[in-house]
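All remarks here apply to the structure that follows.
The analysis underlying the following values was restricted to heavy atoms, covering all of them including side chains, and did not include hydrogens, waters or symmetry mates. Each chain gets a letter, A, B and so on, in the order the sequences are listed, and its residues count up from 1.
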Protein chains: 2
Amino acid sequence: MNFQEISRQLRKNGHKVTPQRMAIIQTVLGSTELLTPSSIFEKVKKTDPGVGEVTVYRTLNILESLGMVCVVHTDEKTHSYISCPTEHHDHLICSDCGKVVNFTHCDLGTLEKRLTAESGFNINDHRLDFYGRCEKCDRKQCKAKTPAEIRTHRESCH
Amino acid sequence: MNFQEISRQLRKNGHKVTPQRMAIIQTVLGSTELLTPSSIFEKVKKTDPGVGEVTVYRTLNILESLGMVCVVHTDEKTHSYISCPTEHHDHLICSDCGKVVNFTHCDLGTLEKRLTAESGFNINDHRLDFYGRCEKCDRKQCKAKTPAEIRTHRESCH
DNA sequence: GAGCTAATTGACAATAAGTTTCATTTACTA
DNA sequence: TAGTAAATGAAACTTATTGTCAATTAGCTC
C-alpha cells in the first residue's frame, strides 16, 4: 500500500492526512515484525522526533478500525500490532524474533461444521495463531534472556 | 476435580492449602463462563468476604502455572480466565454471555504441514478460538449495551 | 490564495489493571 | 505443640492506556 492509497483510505473514512500520522503508518505498514506502541514510538522518533507517543496510540486505533493492522495476542502485557491484509487471514508468529507471516485458506470449514453440530454454537469468527521459530531463528537458536539481548537478537533477524 | 484432588495437586507443587485459595479455586473451576479477576473477586466475596483481591490474582497465577485455567484473549483490557482440562484443547467462546466450551481434536495437522513447507517455520504450538453465539444466546439475541445490561443478560444465560 | 472550522496534536493529568512490599497470620512439619 | 516458611490483606507502587485542553493545522469554501 503506497502513500496515495493510504491517504485516500484515510480521507474516505473521515480522517485527515497529517505528517505524524503518515510517519507512523509507514513505519507500521513497512514492517513484518510484531510491534508494540512503544517500539513504534521509538522507531518513528528517529526520523520524526516531533511525533508524540499518544499520537501513536491514536493512529493505531484508526489503523485497527480500518482493518489495516491486527492486534496479536502475546503473553506480554502490552498490545502487539502487525500490518495485515484486510481480507480474512491468520498468523504464524516467531516466538524468537517476533516476525509474523500472514496466511490465508485456513480451511477450518469441516472443523467448524463439526463444532456447530456438537455444541449448537452459531460460529461467526475465529482466530488462529501458530507459534514457532521462523527459518532464520530456527538455524541460529536464540539464547537471549534480557530485554536488551532480545532486542539485539531480533534486529539481527530482520 | 474435587476438593481432595485439588489439595493434592497444590501440595504436590509446593503450595499450601488455604481457605481463601480453595474458595477461589472452587469458584473458578465450578464455572463454565469467562471470568476476570474482578468478577471472581465479586463472586468469592459473597460467600467468603475475607478474601482479598490480590489473593485472587495470586491464585490465578498458580492455577495458570498448574495448567488448570487458560487465559482467553478477548478485546477487553482485563485478562479473562476459564477453567480447562490440562491436555491440549481449544475454545469456543460465546460473545454474548461469555460461555466457553473446550474442544479437543482440532485436527490441524494437515494445515500445519502445509504451513511448515510454505514458510519454513518450525511450528510448536497454536491457539485457536472460535467466536459466535451459544445455543441459548442465539435464540434470545442479546440487545444489551451498557455494562449493567450485559451483566444482567449474562446472568440470565447461566 | 485567504479565511473558516472542526479534527488533530502534544503535554500533562487521570485511570485502572496488575504487581510489589511488608507486617501479621497461618498451614504444614518435625 | 512449637518452629518456620509460605500466604495473606492493606496500601503503595508501576506502567500501559485514555482523557483533557489549549494551540495548531488540514482541507473545504469563497
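- Counting to the nearest Å, the P atom of D:dG9 and the OH atom of B:Y57 are 15 Å from each other.
- A:R127 has no carboxylate O lying under 4.0 Å from a charged side-chain N of B:D129, or vice versa, which leaves the two without a salt bridge.
- Remark: aromatic rings of B:H73 and B:H91 are distant, center separation not under 6.0 Å.
- Under 4.0 angstrom from either OP1 or OP2 of D:dG9 there lies at least one side-chain N or O belonging to B:Q20.
- Put simply, CD on A:E53 is 15 Å from C1' on D:dG19, counting in whole angstrom units.
- Here D:dT8 presents its P atom at 10 Å from CG of B:L10, a figure rounded to the nearest Å.
- Using modelled atom types, one side-chain atom of B:N2 and one backbone atom of B:E5 make a donor-acceptor pair closer than 3.5 Å.
- Take the nearest nucleotide of DNA chain C for B:V54 and for B:T78: the residue whose nucleotide is more 5' is B:T78.
- Per the geometry, CG belonging to B:N13 stands 14 Å off P belonging to D:dA6, to the nearest Å.
- Salt bridge status for B:K46 with B:E42: absent, with no side-chain N to carboxylate O gap under 4.0 Å.
- Judged by distance alone, the side chain of B:S39 and the main-chain N or O of B:L35 form no donor-acceptor pair under 3.5 Å.
- For B:G50 and B:K77, each mapped to the nucleotide of DNA chain D holding its nearest heavy atom, the one lying further toward the 5' end belongs to B:G50.
- Computed from coordinates, the A:E42 CD to D:dA16 P distance equals 12 Å when rounded to whole Å.
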Self-check item: Reading 5' to 3' through nucleotides 21-30 of chain D, protein heavy-atom contacts under 4.0 Å coded B for base, S for sugar-phosphate only, - for none
Solution: -----BS---
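- A salt bridge is absent between A:E33 and A:K136: the closest approach of a Lys/Arg side-chain nitrogen to an acidic carboxylate oxygen does not fall below 4.0 angstrom.
- Taking a heavy-atom distance under 4.0 Å as the criterion, the stretch of DNA chain C touched by chain B extends 5' to 3' from C:dA17 to C:dC28.
- Distance CG/A:L10 to NZ/A:K16: 12.5 Å, rounded to 0.5 Å.
- No more than 12 heavy atoms of other residues, nucleotides or ligands sit less than 6.0 Å from atom NE2 of B:H105.
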Exercise. Show the numbers, then the answer: is there a side chain to side chain contact (heavy atoms under 4.5 Å, CB included) between B:I123 and A:L92?
Key: CA-CA 8 Å; B:I123 296 171; A:L92 266 159; 3.6 Å; yes
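- Taking atom CD1 of A:I40 as the reference point, atom P of D:dA16 lies 14 Å away to the nearest angstrom.
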